[in-house]
Amino acid sequence: MTDILTIQDLIFGYRHTPVYENATLTLDHPGIYGLVGPNGSGKTTLLNLITGLQHPQHGTITIAGQPNRDAVVFEHVAYVQDSRVLYPSMTGLDHLRFVAHQRRRPAADIDRFIQNLQLTTFVHRAVRTYSLGQKQRLLIALGLLDNTPILLLDEPLNGLDPDSTMAVRSILTALSKTQRTVIVSSHNLDELTKVTTEIIFVVDHQLQLEHLTKDVEARYTALYHQQTTITLPDEEAPS
Amino acid sequence: MFLLEWLQHKHSTILFTVIGLLLVGAIGYYEYSLYQQTQVADETAAEWYPGMLALVKKTRDKKALYKKFPDVLLAVKEQHALATHNAAAEQKAVTPSFVDFTHYFSPIIRGQHAEQLGFVAGEVQATRHELMYLQKNHITAMFPIAFLANPKTAESVNPPLALAPIIPIMTTSYYENGWYQVWDWFRTGGIIFGLITINLAFGTGVAEELQNGAQRLRFLRLHQVNWWRLVTTRWLSLIAIPIVSLVAATGLFLGYSLMRTGLGDLRYPVQHWITGPPWDTLFNDVRLREAMNYFAPLRIELMPLSQYLLLAGALLLAIICLNAAIILLVSRIVKQPLVTQVLSALWPFLIFLPINAHNPFSYLNIDTSATNYIATVVDTTQTLYWPILGSIFLAALLILGVVILWRPAVAKGVRK
């Protein structure tokens with residue numbers, strides 16, 4: 001069986017800052033994968049590299065056994081980026097129409113998405129009036145409308161209020177029951193563990209896929225040597 | 001990609017606002033022109049040309065004036081015949097209705113006192129030529145009939161001090177009907193101000209896609225809208241928007257002018273400079289003959305206004321294409337929508353730089369190129385219209401090509 005996603009000997013860096021050095025990763029079965037790493041570790045860069053928006057200095061990335069050329073990416077991958085991709089003057093419905101048109105999906109699908117993802121209350125308004133949570137839900141709807149086997153979500157939980165967080169979690173839970181492969185980059189370890197047990201850690205310029213059933217935070221601390229208990233200067237014992 | 005362009009603009013009220021602004025500007029300029037028409041005579045003019053003043057005052061009664069013009073034009077013909085065959089009998093043949101007119105034009109039509117007025121015979125000949133054309137085609141002249149002084153003459157005219165105030169009055173036309181106003185927009189560059197307004201509203205090019213680390217460009221690329229498609233579609237959009245705005249505003253303006261003073265006559269004569277044999281002069285004077293053929297081997301001919309508007313319209317289309325390409329180039333460089341809009345609105349002002357052979361923007365002056373007056377500026381006998389039109393389109397395509405080839409890093413394909 002062909003692997004869903006394979007990254008082989010990936011080398012990438014910005015000038016004097018290496019990001020990946022001979023990194024390797026294979027995803028061979030569908031499911032939800034968390035992508036975890038400290039700020040600046042290269043999570044977004046990895047998603048950009050997978051989708052061909054950035055180019056590796058060395059190594060190969062294959063999707064369903066094929067190099068990640070534009071046509072292959074279009075056919076297999078949907079990438080939910082941050083809300084700056086949205087056009088402020090267009091409505092949510094306009095964005096859905098555009099994606100449906102590019103994907104040659106019938107107009108009826110749009111209505112179904114609006115209903116199922118509960119976008120009805122705001123989808124007819126210009127995006128400039130949306131809250132962050134509404135933008136995020138629209139972005140995920142656009143990604144789902146792409147209807148590809150692989151869905152990449154870049155920090156979908158950032159800055160969301162509890163309602164929106166629950167809505168996104170609900171979507172991810174539903175996705176975990178499909179045959180899709182979803183990679184979710186996030187700092188929110190609590191939320192991630194509610195939807196997946198498979199985490200890709202970006203550590204020491206490498207990609208490390210781990211199956212975790214408990215205490216992801218402890219694992220995170222161990223990997224990144226984070227000090228979890230911070231002592232305030234005023235509380236230090238007098239010498 | 002065309003769908004995205006449509007979706008971006010369909011909710012926007014900016015297009016309607018721009019059309020409204022253009023319409024208000026056009027109507028304002030038109031009303032101002034009509035107001036000025038009634039104010040052309042001042043006290044000095046009245047002193048020297050009481051007949052002219054009397055005629056000017058009659059502009060407030062348009063119907064009477066227009067009714068009168070057929071007689072005036074007939075009288076021009078009679079005057080011409082008299083001047084050439086029987087100068088002695090001239091005064092007897094002047095019809096009563098022509099009296100006012102002759103006060104103003106008669107000496108000039110006969111070639112007399114032209115130098116005293118500071119004009120050269122070229123203008124006398126052109127004006128006479130126009131009057132004959134109007135008469136032949138039964139076209140009502142704009143009022144008052146103005147001397148067709150070309151820019152070179154206007155600069156060099158040096159009348160006696162006492163006559164100086166009259167010269168602007170004698171050479172200023174008031175474009176009193178709808179189509180004549182459109183002609184005046186091309187003549188004065190008013191249409192370029194329309195383009196500047198449109199650029200201020202829509203001139204963002206691809207800056208929105210390139211700002212913030214080109215996030216939108218990434219989104220589009222992942223949806224099979226590559227850089228080439230984005231740029232070419234945006235270029236076509238930046239062409240379509242000015243055309244729609246200008247056509248809509250012009251259409252509404254013509255409707256307004258139709259109710260106000262009428263559309264005018266599309267056969268109205270417009271001067272243009274083409275190669276031709278020297279004018280035969282009615283005047284037995286070597287200096288006047290030379291002056292009449294000042295532009296030789298070019299000479300001033302007349303074409304119908306409809307032809308002029310077609311030529312000028314095609315030039316405008318070429319300039320709109322160039323404008324769209326320039327906006328894309330600016331947005332590719334600065335990547336900021338607001339800065340792009342401001343720079344896009346500034347560049348057309350270059351068209352208003354003084355016209356001379358060393359200023360390439362002189363060729364973008366629509367009136368100068370459509371009438372081929374540019375040939376006299378660059379001292380050639382060729383008709384430069386088609387080379388200019390082609391060059392502007394070519395420049396637009398070249399700039400577009402540069403923008404297409406200058407792909408942002410995120411727009412480039414995966415290297416394999």
Side-chain angles (χ1 to χ4, degrees), chain A residues 44 47-63 66-104 124-128 139 142-143 145-146 148 152 154, chain B residues 1-18 201-230 233-234 237-238 241 331 335-338 340-341 407-416:
Chain A
T44 301
L47 302 183
N48 287 342
L49 287 164
I50 292 170
T51 50
L53 295 174
Q54 286 177 291
H55 317 127
Q57 280 130 18
H58 182 263
T60 57
I61 298 172
T62 56
I63 297 165
Q66 303 172 74
N68 61 339
R69 291 187 302 269
D70 279 0
V72 173
V73 169
F74 179 70
E75 190 185 341
H76 290 86
V77 184
Y79 182 12
V80 176
Q81 302 167 79
D82 72 42
S83 60
R84 290 177 296 174
V85 305
L86 301 172
Y87 285 87
S89 63
M90 285 167 55
T91 65
L93 182 60
D94 291 337
H95 285 85
L96 290 165
R97 278 184 184 155
F98 169 67
V99 169
H101 177 264
Q102 294 302 103
R103 293 284 182 186
R104 292 186 169 76
H124 295 284
R125 294 198 332 245
V127 164
R128 74 168 74 86
L139 284 166
L142 293 172
L145 191 59
D146 278 325
T148 53
L152 309 180
D154 190 12
Chain B
M1 186 59 201
F2 283 109
L3 175 72
L4 185 67
E5 292 298 304
W6 164 243
L7 292 172
Q8 273 187 278
H9 294 298
K10 73 171 184 154
H11 298 293
S12 171
T13 55
I14 298 174
L15 184 64
F16 298 106
T17 308
V18 166
F202 296 101
T204 54
V206 287
E208 283 199 3
E209 280 75 15
L210 294 177
Q211 69 176 349
N212 297 328
Q215 291 295 324
R216 290 198 187 105
L217 194 59
R218 293 163 192 258
F219 173 75
L220 292 176
R221 192 178 146 204
L222 291 171
H223 290 92
Q224 288 209 318
V225 178
N226 58 28
W227 178 245
W228 186 88
R229 278 181 69 189
L230 171 67
T233 311
R234 191 57 53 79
S237 174
L238 285 169
I241 288 170
S331 66
K335 300 177 186 173
Q336 289 296 325
L338 190 63
T340 304
Q341 277 171 296
R407 289 181 301 172
V410 73
K412 291 177 184 170
V414 179
R415 295 184 203 122
K416 292 289 174 191

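Here is the naming used below: chain letters follow the sequence lines, and residue numbers restart at 1 for every chain. No experiment lies behind these values; they were computed from the predicted model shown.
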Residue pair A:Leu53 / B:Leu222, side-chain heavy-atom distance below 4.5 Å:
yes
Check against side chain to side chain contact (heavy atoms under 4.5 Å, CB included), A:Leu139 and B:Phe219:
CA-CA 11 Å; A:Leu139 284 166; B:Phe219 173 75; 5.8 Å; no
Residue pair B:Leu4 / A:Met90, side-chain heavy-atom distance below 4.5 Å:
yes
Here the pair of heavy atoms bringing A:Pro88 nearest to B:Arg216 is CD-NH2, 3.2 Å
Heavy-atom proximity to chain B below 4.5 Å, by part of A:Arg97:
both
Rounded at 0.5 Å granularity, tell me how far CZ in B:Arg221 sits from OH in A:Tyr79.
12.0 Å
Under 4.5 Å heavy-atom distance to chain A, tell me which part of B:Gln224 shows up: side chain, backbone, both or neither.
both
How long is the gap from OH on A:Tyr87 to CG on B:Leu220, to the nearest 0.5 Å?
4.0 Å
Under a 3.5 Å distance rule, please check whether A:Gln102 uses its side chain to pair with a backbone N or O of B:His223 as donor and acceptor.
yes
Given A:Leu142, A:Asp146, A:Val73, A:Thr91, the one with more heavy-atom pairs under 4.5 angstrom with chain B than any other is A:Asp146
Under 4.5 Å from any heavy atom of chain B - which part of A:Leu93
neither
